[in-house]
Amino acid sequence: MSATIISDTSCLILLTNAGRLDLLPLIFDKIYITPIIAEEYRLPVPGWIEIRTPSQSKYEMFKEILFDEGESSAFAFALQLEIPEAILVLDDRDARKLALKLNLKFMGTLGIIKLLKEKALILSGRQMLDDMKKVGMRLSNELEEDFLRMIGES
């Protein structure tokens, strides 16, 4: 997949804690985060992740809607970037609903696992999902079963 992503903090933390962050540049050409997300990440940001600052006015607007600083900065930067194929990486349900309303492309951490499996960069989506659940990923049993069925591992 030749794509640009703007990641929120949760995906970066989950991938890092599962020891899989290094897989992101294998499926995405450009990976952006904002300074707020870099601060929330609390670890040194790899050089292949670009840190960009969104416009303050757009950030403030989204902060009033979403309340989460990282997500707000990601939305502000996505609108500022003006790259139609850019994908927001969001796991929060409300943020995903807003992305739909704004007609912004998005995926979650499960979407990244799916891409990794499709590209044969991981052998088992189930194993990666289990690894991520051990380090804090939360999802319902129903969503997990649907996801495993979708990737052919039910």
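Keep in mind that the numbers below use all heavy atoms, side chains included, and drop hydrogens, waters and symmetry copies. Along the sequence shown, residues carry numbers from 1. Small disclaimer: the values here were computed from a predicted structure and weren't measured.
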| CA sep, side-chain torsions, deciding dist, call: Ile113, Leu110, side chain to side chain contact (heavy atoms under 4.5 Å, CB included) | CA-CA 5 Å; Ile113 295 172; Leu110 292 177; 4.3 Å; yes

| field | same_hphob_cluster(Leu116, Ile151) at 4.5 Å side-chain heavy-atom cutoff | value | yes

| said: How about CG on Leu100, more than 12 heavy atoms from neighbouring residues, nucleotides or ligands closer than 6.0 Å, or not? | reply: yes

| Is there a side-chain contact between Met137 and Leu139 (heavy atoms, below 4.5 Å)? | yes

| query | Quick one: are Phe62 and Asp68 in side-chain contact, heavy atoms under 4.5 Å? | reply | no

| message | Measuring only between side-chain heavy atoms, which start at C-beta, is Phe75 closer than 4.5 Å to Leu98? | response | yes

| Derivation and outcome, side chain to side chain contact (heavy atoms under 4.5 Å, CB included), residues Leu81 and Ile6 | CA-CA 10 Å; Leu81 187 60; Ile6 302 159; 3.9 Å; yes

| field | For Cys11, the option from Thr16, Ile33, Ile5, Thr109 that meets side chain to side chain contact (heavy atoms under 4.5 Å, CB included) | value | Thr109

| field | Note, Leu26 side chain near Lys119 side chain (heavy atom, < 4.5 Å) | value | no

| ILVMFWY cluster, Trp48 and Leu43 together (side-chain gap under 4.5 Å) | yes

| query | Taking only residues two or more places apart in sequence or in another chain, which ones pass side chain to side chain contact (heavy atoms under 4.5 Å, CB included) with Glu39? | reply | none

| message | Walk me through whether Lys30 and Glu50 qualify under salt bridge (Lys or Arg N to Asp or Glu O under 4.0 Å). | response | CA-CA 8 Å; Lys30 290 271 190 193; Glu50 294 185 44; 3.0 Å; yes

| When hydrophobic residues are tied together by side-chain contacts of less than 4.5 Å, even through go-betweens, does Leu12 share a cluster with Leu115? | yes

| task | Working to the nearest 0.5 Å, report the span between CG of Asp92 and CD of Glu71. | result | 4.0 Å

Report, one line per pair, each donor and acceptor closer than 3.5 Å where one atom sits in a side chain of residues 127-134; sequence neighbours left out.
{"unit_1": "Gln127", "atom_1": "NE2", "unit_2": "Asp131", "atom_2": "OD1", "d": "2.7"}
{"unit_1": "Lys133", "atom_1": "NZ", "unit_2": "Glu144", "atom_2": "OE1", "d": "2.8"}
{"unit_1": "Lys133", "atom_1": "NZ", "unit_2": "Glu144", "atom_2": "OE2", "d": "3.1"}

| message | I'd like to know whether NZ of Lys114 has more than 12 heavy-atom contacts from other residues, nucleotides or ligands below 6.0 angstrom. | response | no

| task | Look at Lys105 together with Glu85 and state whether they make a salt bridge at an N to O cut-off of under 4.0 Å. | result | no

| field | Evaluation steps, side chain to side chain contact (heavy atoms under 4.5 Å, CB included), between Asp8 and Leu88 | value | CA-CA 8 Å; Asp8 187 21; Leu88 276 164; over 6 Å; no

| request: Check whether the side chains of Thr34 and Tyr59 place a donor and an acceptor atom closer than 3.5 Å, and report yes or no. | output: no

| said: Could you work out, with side chain to side chain donor-acceptor pair (under 3.5 Å) as the rule, every residue matching Lys97, not counting sequence neighbours? | reply: none

| Would you call Glu153 and Lys117 a salt bridge, using N to O less than 4.0 angstrom? | yes

| remark: Output for pair (Phe28 CZ, Leu23 CG), nearest 0.5 Å, gives 11.0 Å

